[in-house]
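Everything numeric here is computed off the predicted structure, so don't read it as measured data.
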Amino acid sequence: MICGKCDQPIKQGEAYRSYDVDRASGPGSTVHQHTACPKREPRP
């Protein structure tokens, strides 16, 4: 799974929450987010 907030993978054992996003004209989707997003590694 990918976090909808920080775009980093949610690894096994990490705490996350899920919520549904409804669409007016079609199927909705489920968004997953870390409960606390990890810090990003600085780019070289």
Side-chain angles (χ1 to χ4, degrees):
M1 290 183 285
I2 301 294
C3 177
K5 187 174 182 181
C6 68
D7 291 328
Q8 294 187 47
I10 299 173
K11 299 175 184 169
Q12 186 174 3
E14 288 184 321
Y16 68 93
R17 61 185 172 134
S18 301
Y19 61 94
D20 295 323
V21 178
D22 294 326
R23 306 280 181 187
S25 61
S29 61
T30 302
V31 177
H32 308 282
Q33 291 182 342
H34 291 104
T35 52
C37 290
K39 293 186 177 187
R40 290 184 178 257
E41 295 291 325
R43 290 186 176 179

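- Other members of the cluster containing I2 do not exist, because no ILVMFWY side chain is joined to it at under 4.5 Å.
- Residues satisfying the side chain to side chain contact (heavy atoms under 4.5 Å, CB included) test with R17, not counting sequence neighbours, are Q33.
- Pairs engaging residues 17-44 under the ring-ring contact (aromatic ring centres under 6.0 Å, His included) rule: Y16-H32 [sequence neighbours left out].
- Taking all atoms of both residues into account, the shortest heavy-atom contact from C6 to C3 is N-SG, 3.5 Å.
- Here T30 pairs with D20 under the side chain to side chain donor-acceptor pair (under 3.5 Å) rule; sequence neighbours left out.
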